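Presented below is the structure to which this report refers.
Owing to the predicted nature of the structure, the values given are computational and were not obtained by experimental measurement.
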Amino acid sequence: MASPGRKLAAGKETLHKSNSDPVRRIHRQYAKNRGGGGTPVSRCFLNLDGYSYVIVASPPEKKKDSAEESSAPPPPSSKNGQLSKQGSLTILRRSSSRTLSGRGPRNSSQSDVDAADAVDLLQDALPAVDTPESCEKAALRLRALLRHLQEGEVAVGVLQKNLQYAADVLDSIYVEENKRHVGDEEDELSEVEPDAVPQEVREWLASTFTRQLNTSRRKTDEKPRFRSVANAIRAGIFVERIYRRLSSATFLQLPPEVTRILKSVDEWNFDVWRLQEASANTPLRCLAYELLNRYGLLHKFKMPPATLETFLTQVENGYCKYKNPYHNNVHAADVLQTMHYMLSQTGLMNWLNDVEILATLVAALIHDFEHTGTTNNFHVMSGSETAILYNDRAVLENHHICAAFRLLRAEEHNVLVNLSREEYREFRSLVIEMVLATDMSSHFQQIKAMKAMLALQDTSLDKSKALSLVLHCCDISHPSKNWVLHERWTTQLLEEFFRQGDKERELGLPYSPLCDRNNTLVAESQIGFIDFIVDPSLGVCGDLLDKVAALSVPPSTPTIAEEPHNEPGGPIKRPVRPGGVVGVEVRRPWQDCLAANKARWKERAMKDAEIRAEMALRNEKVNGESGEGEGEGDSPEDTIEEEEGEGAKGEASNEENGE
């Protein structure tokens, strides 16, 4: 007995008029006339020169019995009461396929019926679900399924395949609609009560972390997809590489103190400042080599040792080019180490192949290469050459990428010389997308898009979007480190802001938020930064890492809940979730640090407010007296800075004693 699938396949026949003309196709379909006579009808579909033709041919009608002849009127094709010996032939010309896609006018539902009849449900070559053509194909296939279900001619496998394709198309449309609405919706700052943060802090958050111009980002033609990895084998190799010593290298000899400090590189609160001092201000070069060696990328991609050394040296020199207090080689090393923590301690590396791991580390390495120490908005407002070159869009981020790849083009710096063409294209595409995502003005769009992606009941994730979010979180993660590290980073960042404010004053430009040395609320700005930027971002990043960890669990993983173990930063296996899926939750060491740092800033904000109130009363008293000269000493800002400095020293001392 023939299966329904074979029955469906036999019901359609495709004829090619000429092998050299694939555009002209005739689809011939035979169907039973549902009229009382049961006369067979032959229907052909012809696509020719942009038009679709429907040819319906009916054979001569059979002779009816006397009763029917007496009661039925003569058919249109009869002459003088006699039946025609010839059948009828009807030719209908339709417009191009745009009418079927919903973009053109639709005069009747007959075109839908005809198009549904022409669909081959067994066709395997279908457009990607994220392309415009997929919507048309999915709609036509659903109509065709409905027609064939009414006739009972659809096999289960054909039904499942076509419904799955339609579901994938709808999921893709949902994700794209969420992304499209992100740019149209107001960001989270619009929901903040006016008294929640000072106006200066609100302006800084709005100007830094929201887009000032509506820009459309190019959609990649093909999304990287998940590739299964032998997790156990990779983990074993990684453990072996962990204990390799840099002293075994033939070209890079590190001081014993540097080697000792790098042993703690797997910790969340790794002190990169100590590494800077021990390495004679070359922390990025030492750390980058250590990590590339640990992940086995030096051997995998056959990087020439001398070329790697010169490349890392040039990258470090590029970070020191403008002598920035914050965006320098130490910051790059800090972001690179934080990215290493995310890769190695959360299971993220088990989700990636070697090229993706290399791209992730290099993106963190060069994400602020040759940073000028000023913001994108400063470049735009001052009309710098860099802003003109990149049309005021992601000015610095575009420069970081361009300068880094220009460096890699030189033969003496090309550590990627042994990558294949396909590997290099994958590497370059991922690095570009990750570094562009560090543009702070795209922050809220990025967070909302990832929330929408995580909300889908699907096991797939866009790797490039996921890794971009992780790098962005690493870039802004210093408030989530312990207080000693965070306070030092805050001091360095504010000094860089103040230097930009000095340049703005010289150029006659208005001060950017937090760039005025004399009117900046330090504590309040950090509280707002933690509340509205860092804490929500790391929360979404943690949810993303949880999902990645669940995807990376081998199929043989037992479904029995296990007790949490005490490995630093290791995953915790939670009880089985509904549906038999094992829940894996990564450790989040940043949560405690964020809470502790926020509490300290609140204490400092209260102290600063009291000092400002006292200074205001003192100034009023001085102005009310007749020239006694009182109050002509330190300014309110000087007094606040002096007391803040003493308080910071005491807090830092307490932190060190506590550790």
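Once rounded to the nearest 0.5 Å, the distance linking OG1 of Thr360 with CE of Met339 reads 6.0 Å. With rounding to the nearest 0.5 Å, the separation of CG in Asp334 from SG in Cys474 is 9.0 Å. In this structure, CG on Leu545 lies 14.5 Å from CZ on Arg587, to the nearest 0.5 angstrom. Here CG of Asn597 is found 10.5 Å from CG of Asp592. Values are rounded to the nearest 0.5 Å. Once rounded to the nearest 0.5 Å, the distance linking SG of Cys593 with CH2 of Trp483 reads 12.0 Å. Note that CG of Asn377 is 14.5 Å distant from CE of Met440, once rounded to the nearest 0.5 Å.
Not one N or O on the side chain of Lys602 forms a donor-acceptor pair closer than 3.5 Å with the backbone of Ala523. Although no hydrogens or angles enter the test, the distance criterion places a donor-acceptor pair under 3.5 Å between the side chain of Asn376 and the main chain of Leu396. In this structure a side-chain-to-backbone donor-acceptor pair under 3.5 Å is present from Asn482 to Leu485. In this structure, Ser264 contributes its side chain and Glu267 its backbone to no donor-acceptor pair below 3.5 Å. Judged purely by atom type and a 3.5 angstrom limit, Asp475 has no side-chain atom pairing as donor or acceptor with the backbone of Leu471. Side-chain atoms of Asp531 do not come within 3.5 Å of backbone N or O of Gly528 as any donor-acceptor pair. Remark: side-chain polar atoms of Glu397 are not paired, donor with acceptor, to backbone N or O of Val435 under 3.5 angstrom. For the pair Asn293 (side chain) and Tyr289 (backbone), a donor-acceptor distance under 3.5 Å is absent.
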Exercise. Given Trp268 and Gln337, is the side chain to side chain contact (heavy atoms under 4.5 Å, CB included) satisfied, shown in steps?
Worked result: CA-CA 9 Å; Trp268 176 254; Gln337 185 275 331; over 6 Å; no

Problem set entry | Audit row: Leu275, Leu287, side chain to side chain contact (heavy atoms under 4.5 Å, CB included) steps and yes/no | CA-CA 9 Å; Leu275 179 61; Leu287 180 62; 4.2 Å; yes

For this session: Please report the C-alpha distance between Lys465 and Glu433 in whole Å, then the side-chain angles of each, then the deciding distance to 0.1 Å, and finally whether the side chain to side chain contact (heavy atoms under 4.5 Å, CB included) criterion is met.
Result: CA-CA 8 Å; Lys465 296 295 187 296; Glu433 183 155 2; 2.8 Å; yes

Exercise. Do Asp266 and Arg294 pass the salt bridge (charged side-chain N to carboxylate O under 4.0 Å, His left out) test, and can you show the C-alpha distance, the side-chain angles, and the key distance before you say yes or no?
Worked result: CA-CA 11 Å; Asp266 296 339; Arg294 283 195 179 202; 3.3 Å; yes

For this session: Go through the steps to decide whether Glu257 and Arg274 satisfy the test side chain to side chain contact (heavy atoms under 4.5 Å, CB included), and finish with yes or no.
Result: CA-CA 10 Å; Glu257 180 64 15; Arg274 291 176 56 203; 4.2 Å; yes

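Classification of the Tyr326-His478 ring pair by plane angle, with boundaries at 30° and 60°, yields perpendicular. Using the six-membered ring where Trp is involved, Trp273 and Trp489 have ring planes that are tilted, between 30° and 60° apart.
Judged by distance alone, the side chains of Glu504 and Ser512 do bring a donor and an acceptor atom under 3.5 Å apart. With no hydrogens or angles considered, no side-chain donor-acceptor pair links Gln591 and Asp535 at under 3.5 Å. Side-chain contact check for Thr375 and Gln500: at least one donor-acceptor pair (N or O, by modelled atom type) lies under 3.5 Å. Side chains of Glu316 and Asn329: a donor-acceptor N/O pair is present below 3.5 angstrom, by distance only.
Closest of all the heavy-atom pairs between Gly542 and Val586 is O-CG2, 4.3 Å. Contact record, Phe270 with Val265: CD1-CA, 3.7 Å, taken as the closest heavy-atom pair. Counting all heavy atoms, side chain and backbone alike, Thr372 lies closest to Thr374 at OG1-OG1, 2.8 Å. When all heavy atoms of Leu336 and Leu361 are compared, the pair lying nearest together is CD1-O, 3.6 Å. The minimum heavy-atom distance between Ile357 and Met349, with the atom names listed, is CD1-O, 4.0 Å. A pairwise comparison of heavy atoms in Ala364 and Tyr319 identifies O-OH, 4.4 Å as the closest pair.
Using a 4.5 Å heavy-atom threshold, the side chains of Ser537 and Ile447 count as touching. Residues Tyr341 and Pro589 meet the side-chain proximity criterion, which asks for heavy atoms closer than 4.5 Å. Looking at heavy atoms from C-beta onward, Asn324 lies in side-chain contact with His327 at the 4.5 angstrom threshold. Asn328 is not listed as a side-chain neighbour of Asp368, based on a closest heavy-atom distance of 4.5 Å or more. Residues Arg499 and Glu496 have side chains not in contact (no heavy-atom distance under 4.5 Å, counting atoms from C-beta outward). At a threshold of 4.5 Å between non-hydrogen side-chain atoms, the residues Glu356 and Glu426 count as touching. Here the side chains of Leu284 and Leu312 are not in contact, with every heavy-atom distance at 4.5 Å or above. Counting heavy atoms from C-beta outward, Phe498 and Leu514 have side chains that stay 4.5 Å or more apart.
A salt bridge is absent between Glu603 and Arg600; no separation between the charged side-chain nitrogens and carboxylate oxygens falls under 4.0 Å. Using a 4.0 Å cut-off between charged nitrogen and carboxylate oxygen, Arg517 and Glu495 count as a salt-bridge pair. A salt bridge is absent between Asp439 and Arg393: the closest approach of a Lys/Arg side-chain nitrogen to an acidic carboxylate oxygen does not fall below 4.0 angstrom. With respect to Arg604 and Glu487, a salt bridge is recorded, a charged nitrogen being found less than 4.0 Å from a carboxylate O. Using a 4.0 Å cut-off between a side-chain N of Lys or Arg and a carboxylate O of Asp or Glu, Glu524 and Arg612 qualify as a salt bridge. Electrostatic pairing of Arg588 and Asp543 counts as a salt bridge here, judged by a charged N lying under 4.0 Å from a carboxylate O.
Judged by a 6.0 Å distance limit and a 45° cone about the ring axis, Lys481 is not positioned over the six-membered ring of Trp590. Tyr511 does not carry Arg505 over the face of its six-membered ring by the limits of under 6.0 Å from the centre and within 45° of the normal.
For His367 and His400, the ring centers are positioned 6.0 Å apart or more. For His340 and Tyr295, the ring centers are positioned less than 6.0 Å apart.
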